[in-house]
Amino acid sequence: MKFRFLIFILALLFSVSSAFSQGKVKIVVSVDWEGDDLQQQNLQAMKDFRRDYPEIPLQHFLNAAYYTKHQAKASEITESIKSVLLPKDEQGLHIHAWKNLVESSGVVFRTSPSFVLEGYTIADCKIDCGQEIALTGYTNAELRKIIAHSIEILNKEGFNRPKSFRAGGWQADDNVLDALAAEGFTLDSSATPADFLLPEWGKYKLYQMVKDLWMKTTPTSQPYIYKTSSGLKILEYPNNSCLSDYMTGEDMLKVFQSNARNFKKNPKKNVYLSIGFHQETAAEFLQHLREAIKLIRNSAKQNRIPIEFVVAPIKDNF
Ligand SMILES: [Zn+2]
């Protein structure tokens, strides 16, 4: 009797442990807040999305540049942003080198490198500009000032202290990653496969700049620890399915399927997928993401792939 009881306990332990060792395809839905504008139509599209998918958390890459624009009304900006946030969301940081943000950080604004076209000059800058200037043009000390100032602005407005980051135009080189890690960031999600940008950005500098920076990034790239040249560590979480401005629902499904094939080879290990959209173009492109979610859920069901929508993997788990 005792022996049978022991077998029963062992079997129970085994089934519990194998249930815990089951991996999943973990899907992160990110939002890039460009720091450009907060139009009602885009916020409404996000509210509609939250209403229809209350179970999906969002990884927000918020932007402090809304607050540094001329005549910015901080309380209205904060109210607009918070109107589409949920407690389960992650509040990360996105930076584009807007002139007003750079200057309010105590840094001299630079006009290069532009990821749109060559020959951008200060004369091209009217009220605010700089969205297309890569962060890679700034020194480590300058970047740290811009990052710290962005955090300070967001903290003052009652947002969480960001630990995750995505660079404007995916432009995060070793220097940017080092400045982030030095400012306490544990995750960067700027790596993306350049080829997804080719149709829209092929005639601009961005395509080649992303290709040069993230040469090894593919649609099945997985999170990895990056060690900066000064020895700091940060988790690189590839935005492996890019953003819905450049991806149809079918395109994102294909990326999911490639990752699902890898998952099936070792179902005990989690596989990560990063999809997303921009707040500034939500009214136009959130429908691509809705379509992707529908297709991915159907495909996962048919192929018995366990999926879970999450906000971010933790650096210590890698
Ligand atoms: Zn951006």
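Atoms considered below: every heavy atom in the structure, side chains included; atoms not considered: hydrogens, waters and symmetry mates. Just follow the structure's listing: the first ligand is 1, and inside any ligand the first atom is 1.
Taking the ring axis of Tyr67 as reference, the NZ or CZ atom of Lys73 does not stay both within 45° of it and closer than 6.0 Å to the ring centre. Remark: Arg110 is positioned above the aromatic ring of Tyr138, its terminal NZ or CZ atom under 6.0 angstrom from the ring centre and at most 45 degrees off the axis.
Neighbours of the Zn ion (ligand 1) restricted to protein N, O or S atoms under 2.8 Å: the count is 4.
Looking only at atom types and distance, the side chain of Lys301 has no donor-acceptor partner in the side chain of Asn298 under 3.5 Å away. In this structure, a donor-acceptor pair under 3.5 Å is absent between the side chains of His60 and Glu90.
Comment: Lys99 does not engage Asp128 in a salt bridge, judged by the lack of any side-chain N to carboxylate O separation of less than 4.0 angstrom.
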Inset, instruction - Just do the side chain to side chain contact (heavy atoms under 4.5 Å, CB included) check on Ile81 and Tyr66 with the steps written out, would you? - result: CA-CA 10 Å; Ile81 298 172; Tyr66 300 110; 4.1 Å; yes

